[in-house]
Each structure stands twice: as C-alpha cells, then as structure tokens.
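Reminder, nothing fancy here: chain letters follow the sequence lines and each chain counts from 1.
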Amino acid sequence: MTVRTRFAPSPTGYMHIGGMRTALFNWLWARHNQGQFILRIDDTDEQRNMDESLGPILAAFRWLGLNWDEGPEVGGPHGPYFQSQRRHLYVAALARLLESGHAYRDFELSADTQAQREAAEKEKRVYVSSRASLSLKDDEVAKYLADGRPCVVRLLIPRTDKVVINDHIRGTVEFDCSLMPDPVIARSDGSPLYNFATVVDDAEMEITHVIRAEEHLSNTPIQILLHRALDNRTPEWAHVPYVASPGSKEKMSKRKIDKYRTNPQFQKLFELGDQVLSRIGIDPKSNDLSPVMVAYYQQVGFLPAGVLNALVRLGWSLDDQTEFLSHGEMIRKFTLDRVIQSAAGLDPDKLLNFQSHWMSELPANEKLNGCLRMLKQAGLIDDEDDKETQAKVSRVIELAADRLRVFGDIFQVDEFFVTDEELRIDLKNFQKRVVQPENAVVLLQDLRQRLSDTDDFTAVPLHELLQSFAVEKQVKVGDIFPALRLCVTGKAQGADLFRSIELLGKVCVLHRLDRAIGQAESQRMP
RNA sequence: GGCCCCAUCGUCUAGCUAGGUCUAGGACAUCGGGUUUUCAUCCCGGUAACAGGGGUUCAAAUCCCCUUGGGGUCACCA
C-alpha cells in the first residue's frame, strides 16, 4: 500500500514555523516511501479572504520546496481539497452514523450541558454526557425535529471500552472511554466539527499515516472511535512533539513575540532580523512578521536548505553525529522511529550555523541572485539585471566570503553600495582611532597623497604601499590600518582592507578620506 | 483539577527497544591557544549532563515503582 500523508492547515494568514516542521515530517515520510503528500485546507469555520489567508501558507511550502501531490491549485482524485467544499461527504457520513446508532441527536440545551459540566467539576467527579436525549422515543424525536428544535449530533462513546493507540513515536497510549463525554460531531446547523471532518477526509483521501503535533494526541481516541463507527481502515499515528520557543519547553506562539524579544537565546536572531527588515522597509517592531512565521526567514534572506536542516534536526536525528542533510539525504534517511518524544526549543544559534554551512555550499550565481534581490529591495542598487552591477555585487560577495550567512548580511558591507555622503561612520571608533591619536590626521593626509600618486590601485601593490608607509613613518600597521578602514568604510572591522580599497576605487577612496580627515580636524578643534 | 505526554552538558541531541564496551559520544554556544592587517573563517584544546528517591540485578543513563518538575488537552475552535 502506498504511503499517503497529509498536512491540514487552517488558513490563518501565516505559516507557523512549528507547523512547518510537522509538515516537513509528513512530506519526508511520504517521499521516503515513494508515497504521496496531500495538502488539505481545514476551513470548516468560514473564511473571509482565502487568498490572503491561504497565500502565505502555500508560499512557505513553495519556498522550502515541499511540493504536494494533491491539494489546492494542483487538484487530485480526492478533491475538492477545501473542507468547506466537502460538506456532502460529512452529511452522508453523519447520516450513516445516525442510522447505525453510533451517533445520536442531542436536544439538551447547551446551558444545561454546561451546568452539568460545572456541577461535576465542583463535586470533583468526571463529567460524562447525560444522554437524556437517548431515551426519547422515535416519534418524539420526529416531533422535535418537525418543531425545529435545535440539536447537535454526538458520537455515542462506548463507555466500557478502552482505546489503545499504537503510536509510531509515543508507543502504546491508552484512553479509558468511561471518562469521555460524548463529543459533538455536528453543530445544530449541521456543520461538522474538526474531529469529525478530519476522520471523514482522512478516510476518503486514503491517508495511511497521520503525522501531527502532540497536542492532537487527546483527540485521537475520538477519531479512532469515529473511524471504527464508520467502518474505516484506521490510519497509523505519529504524534510529534511541538516546537518550543528557544530555551523553553513552551509551545512557540505568535502571541508571545514581545516576550521572546527579551529572551537572551533569541537575541541574536532578533538583532539580525531587525537590522535586515528595517533596511528593506519592513517595520521589525510591528510583529506582522516574526520568527514564529516562516515568511520571516525568507524575508531576512535565510536559505531554504538551512531552515529545513534546522527543522529536521529539531526532534529528529539520524545518528550520533550527522548534522548536515540536504533535501535528498533527508528523504533517504528520514524515519519516524527516530523522532524524539520530548518538545524541543528552536535554537537560533544552531539555525545560523546551518545557514553558514549551506550558504558556503551555494553556487555563486545563486548567492548573487539572493543578494541582488536584497539590495534592490533596500534601494541600494537600481537595476538588478545590469551586468556592471552584477559584476560588482559578485566581487563584494567574494570579499564578504563567510561573513554572508544569510542574504541580509550583505548589508553589513553596505559601504560598497552607499554614496560617499551616505556613508555612516562608527563614531565611537572614529574618535578612538582617528580623532584622538596625536598624529593620525597628519598620517592620513600623508597617506592620502601617496594613494593619490599611485596608478596601480589594486590590492597587492596597495598592501605593499601601506606596509612600507608604516615602516617609513615608524608606526605600527595596527595604528594606521584601522584608521584608514574607518575613513573609507566607516567600520572598525570588515573584509580584507586592500581588496576593499581596490573595489571601492581610487576616486571614492580619496573622496572618503578627504571627508573623514575634514571631519576629524573639525572635531579636534577646541 | 481530571486525563495524557515528557525528563541526558546552557541548547539541539547519541546512547535506552535486546542492562556491562559510557571514567556518557557529537554538534551549536561559551572559554583558552594558534593562523590572519582587523573582523569572520580555519586549526588545536578546555569547561559542561544521566531531575531526586527507592527497588530488580553480580552490574542501571538504560528495566520497574514513587516523588518532583515541565508541557499538552479538557468547546456547537482547529
């Protein structure tokens, strides 16, 4: 039997990073077994704007390269793939359940049900349904129905049973039916509830493995009972732990972003994100985009390979040493029995480390494209198709080397893209290395002249020139190099100084030196 | 509160199914040293964990029980 897995998101307008990992496990299991991965949209409560709410979810799947064999936009033999359009299936299944006596119409007022529940709680007893409606005679039911009395449909729980779940990840888990109230499976308007619709769809779509977050574990006995009542072949189960926020065991949540901002383990990620997002015109404090969402990583310029690698290693491992896995390796090696049982916190440090690795593996042209897009968004280049621009960006990327972990890191070397006037100087270090030292300005003036006289403005000769200049002036290179760097790049540290100077070009370097010297002089004035 | 799940370095994890080879391995982070004009990279090295208590056993991180702690879930939400 071919393996069929599914991911059934509710269209909420964003893709949760934890949900993405659950989806990844589903996808991986299907691909590993040459099976199918299905996307089904759980929109049982009516949706406002489907494009807006579903778009980001599909975009996240596309970005990470998780293709679906059946679902929205691609269709398939078990469509439609929107639960809101599958009403007829639920209606039919509901009729069967009513017919077979596995479910019953409950006319009890919800206020009464509620009161019983509260009373039970007060007396510390387990609440189970009163089942008062079960003693109604057929003609009474018919009359109530004719009168239009509202009722819900409940599944009749076999109270003497136990449900045993054989979970791929949890092992054997038992639930005692005598403790379970009869769950509502259809509202008074006839619409299905989650547990019911899911069961009908999983069966109709021939899902073989239900791989989902562990918070659904307590729904599972109800779903198993429903499958039995419907005479379905019950799928296999695998409840994966949820993704916790860094350094905690709490489920990561969109509503807790402000709390995460103060979390030291999250710090580095937020710093990187804030810096990049503000650069491309997104307000990082608005929380419309946050590390809880997949889109955040895309915007900041993370690589799909890095995000995927981080997600797959969260709660799953191949052995005692494999860390890096490509798409293909993941598919080949992934198995459910190696998924861990406990919740795992997302580790921003490790995520960044995976980024570095996959960025270093990335072909030059893809690096270029990623950076071009970033620079374009920030307005630092005009035309990303321009050959000259591309050549320049390529050289900057080469120069930045492994400093580039995500595409957004290209802004760390913005000195190559801003105008001389826009160049922002690290004032604290400028004070320390240029303004305060007695002879710095004089030296720089002298150096400026030498540079001006040089025709060969390439790295090696420039290095030699600077070296001999230091010897001649009897100063340490440690005094002159940083000062020069500050003047022409605005930064205290960065890529190779001489190659940077070469790339900036003579005109720019001289101009920036002039400006900096002037600035230093004016600051030295008493 | 009921039910259910979980528990190894700061973090992600290996080891647990079939107890000994575990003075508990790897990775990230961190600290120290080396390379480098700076930063980053790279190389070398260090610190660092079986939640606690009882059993079972010649032997327990591994099996059993209890405690503690953490988490999930208890809707006419998904």
Side-chain angles (χ1 to χ4, degrees), chain A residues 8-12 42-45 83 106 110 113-114 117 120-122 124-127 150-154 165 167 169-171 173-176 179-181 183-195 197-198 213-221 239 241-242 244 246-251 264-265 268 310 313-324 337-338 340-354 356 360 400-405 409 412 429 463 466-467 470 476-482 484-486 489 491-498:
Chain A
S10 178
T12 52
D42 267 10
D43 56 348
T44 44
D45 51 6
Q83 291 193 322
D106 182 11
S110 67
T113 307
Q114 186 59 29
R117 193 172 249 127
E121 193 171 328
K122 211 168 180 178
K124 294 193 199 296
R125 86 181 138 70
V126 175
Y127 167 79
C151 68
V152 295
V153 178
R154 290 183 188 275
I165 302 168
D167 193 279
I169 297 167
R170 312 268 141 197
V173 184
E174 258 188 44
F175 286 90
D176 188 344
L179 271 24
M180 295 160 62
V184 174
I185 57 176
R187 299 184 180 92
S188 41
D189 66 0
S191 62
L193 258 67
Y194 166 76
N195 271 325
T198 295
E214 66 171 309
E215 61 243 46
H216 286 287
L217 192 54
S218 52
N219 284 323
T220 310
H239 287 91
Y242 52 84
S248 88
K249 293 289 177 202
E250 265 175 57
K251 195 161 65 171
Q265 306 225 36
K268 218 181 273 182
R313 279 290 289 103
L314 205 59
W316 177 84
S317 66
L318 175 63
D319 51 34
D320 61 347
Q321 55 176 78
T322 306
E323 296 288 346
F324 301 119
D337 61 339
R338 290 202 60 88
I340 203 90
Q341 283 126 316
S342 54
L346 180 75
D347 185 347
D349 280 326
K350 201 138 181 171
L351 171 61
L352 240 15
N353 184 258
F354 282 123
S356 298
S360 73
D402 46 38
R403 289 171 193 79
L404 195 75
R405 298 111 83 216
D409 280 329
Q412 282 177 24
N429 278 298
H463 192 173
L466 266 294
Q467 207 80 317
K476 285 180 287 190
V477 292
D479 286 330
I480 189 75
F481 288 9
L484 176 60
R485 181 190 292 280
L486 243 355
T489 72
K491 301 179 177 73
Q493 67 237 346
D496 183 275
L497 178 59
F498 313 100

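- The interatomic distance linking R125(A) (CZ) with C3(B) (C1') rounds to 17 Å, in whole Å.
- Rounded to the nearest Å, the gap between the C1' atom of A61(B) and that of C16(B) is 8 Å.
- Separation of the C1' atoms belonging to A60(B) and U17(B) is 15 Å when rounded to the nearest angstrom.
- Separating the CG atom of L497(A) from the P atom of U36(B) is a distance of 17 Å, rounded to the nearest angstrom.
- Remark: U62(B) base-pairs with no nucleotide in the shown strands. Criterion, Watson-Crick or G-U wobble with two distances under 3.5 Å.
- Close to A78(B), at under 4.0 Å from its OP1 or OP2, lies a side-chain N or O of R187(A).
- Rounded to whole Å, the distance from CZ on R338(A) to P on C16(B) is 9 Å.
- Looking at heavy-atom distances under 4.0 Å, D402(A) makes contact with a base.
- Residue contacts for N219(A): at a heavy-atom cut-off of 4.0 Å it reaches a base atom on one of the strands shown.
- Counting non-hydrogen atoms under 4.0 angstrom, A495(A) reaches a base of the nucleic acid.
- A gap of 22 Å separates the P atoms of C22(B) and G10(B), to the nearest Å.
- At the heavy-atom level, V173(A) lies under 4.0 Å from the strands shown only through sugar-phosphate atoms.
- In this structure, H216(A) reaches the bases: a heavy-atom distance under 4.0 Å links it to at least one base atom across the strands shown.
- Nucleic acid contact for S317(A): sugar-phosphate only, since backbone atoms but no base atoms lie under 4.0 Å from a heavy atom of the residue.
- When the C1' atom of C28(B) is taken as reference, atom CZ of R405(A) falls 14 Å away, rounded to whole Å.
- Comparing the same atom, P, in A27(B) and in C42(B) gives a spacing of 12 Å after rounding to whole Å.
- Nucleic acid contact class of E250(A) (heavy atoms, under 4.0 Å, all strands): sugar-phosphate only.
- A distance of 5.0 Å separates NE2 of H239(A) from CG of L217(A), quoted to the nearest 0.5 Å.
- Separation of the P atoms belonging to A59(B) and U21(B) is 14 Å when rounded to the nearest angstrom.
- Residue V152(A) places its side chain closer to C76(B) than to any other of C3(B), C28(B), C76(B).
- Using a 4.0 Å heavy-atom criterion, one finds that R117(A) contacts the sugar-phosphate atoms exclusively.
- Taking only side-chain atoms of L217(A), from C-beta outward, the nucleotide of C4(B), A27(B), C6(B) with the closest atom is C4(B).
- For the pair L346(A)/L314(A), a side-chain contact is recorded, criterion being any heavy-atom separation below 4.5 Å from C-beta on.
- What separates CD1 of I169(A) from P of C5(B) is a distance of 14 Å, to the nearest Å.
- Closest approach to the K350(A) side chain among C28(B), G71(B), G25(B) is made by C28(B) (side chain taken as heavy atoms from C-beta onward).
- Counting heavy atoms from C-beta outward, D402(A) and S356(A) have side chains that stay 4.5 Å or more apart.
- Remark: C3(B) base-pairs with G72(B); criterion is Watson-Crick or G-U wobble with both hydrogen-bond distances under 3.5 Å.
- Taking the side chain of L193(A) as heavy atoms from C-beta on, and the options U73(B), C77(B), U37(B), the nearest nucleotide is C77(B).
- Atom NE2 of H239(A) is separated from atom P of G71(B) by 21 Å (rounded to the nearest Å).
- Within 4.0 Å of L314(A), counting heavy atoms only, lie sugar-phosphate atoms of the nucleic acid but no base atom.
- In this structure, Q493(A) reaches the bases: a heavy-atom distance under 4.0 Å links it to at least one base atom across the strands shown.
- A donor-acceptor pair shorter than 3.5 Å cannot be found between the side chains of T489(A) and R485(A).
- The same atom, P, is picked in G72(B) and in G25(B); the two are 33 Å apart, to the nearest Å.
- No engagement by Y127(A) is indicated, since no non-hydrogen atom pair under 4.0 Å with the nucleic acid exists.
- Heavy atoms of G315(A) sit under 4.0 angstrom from primed sugar atoms or phosphate atoms, though from no base atom.
- Contact check for F324(A) versus N353(A): side-chain heavy atoms found under the 4.5 Å cut-off.
- Note on Q467(A): nothing from the nucleic acid sits closer than 4.0 angstrom, heavy atoms only.
- The side chain of D320(A) sits closest to A14(B) out of A14(B), A78(B), G26(B).
- Judged by closest nucleotide on RNA chain B, L351(A) is the one of G478(A) and L351(A) placed further toward the 5' end.
- Ring geometry for F481(A) versus H463(A): interplanar angle over 60°, hence perpendicular rather than tilted (30 to 60°).
- Among residues two or more places apart in sequence or in another chain, the side-chain contact (heavy atoms from CB on, under 4.5 Å) test is passed with D337(A) by T335(A).
- Checking the phosphate oxygens (OP1, OP2) of G1(B), no side-chain nitrogen or oxygen of K122(A) falls inside 4.0 Å.
- Considering only the side chain of D349(A), C28(B) comes nearest among U13(B), C3(B), C28(B).
- Partner assigned to A40(B) is none, using Watson-Crick or G-U wobble distances below 3.5 angstrom.
- Nearer to the 5' terminus of RNA chain B, by closest-nucleotide assignment, is the contact made by S342(A) (compared with the other of S342(A) and Q265(A)).
- When the C1' atom is compared between U11(B) and A18(B), the two are found 31 Å apart, to the nearest whole Å.
- Looking at S188(A), its side chain comes within 3.5 Å of the base of C76(B) through a donor and an acceptor atom.
- Nucleic acid contact class of K249(A) (heavy atoms, under 4.0 Å, all strands): sugar-phosphate only.
- Counting only heavy atoms from C-beta outward, the side chains of P241(A) and I340(A) approach each other to under 4.5 Å.
- Checking G26(B), C5(B), A40(B) against every side-chain atom of Q321(A), the shortest atom distance belongs to G26(B).
- Between D319(A) atom CG and C12(B) atom P there is a gap of 19 Å when expressed in whole angstrom units.
- The C1' atoms of G2(B) and A14(B) are separated by 36 Å, rounded to the nearest whole Å.
- Surrounding CD of E215(A) are more than 12 heavy atoms belonging to other residues, nucleotides or ligands, all under 6.0 Å away.
- Separating the CG atom of N195(A) from the C1' atom of A78(B) is a distance of 9 Å, rounded to the nearest angstrom.
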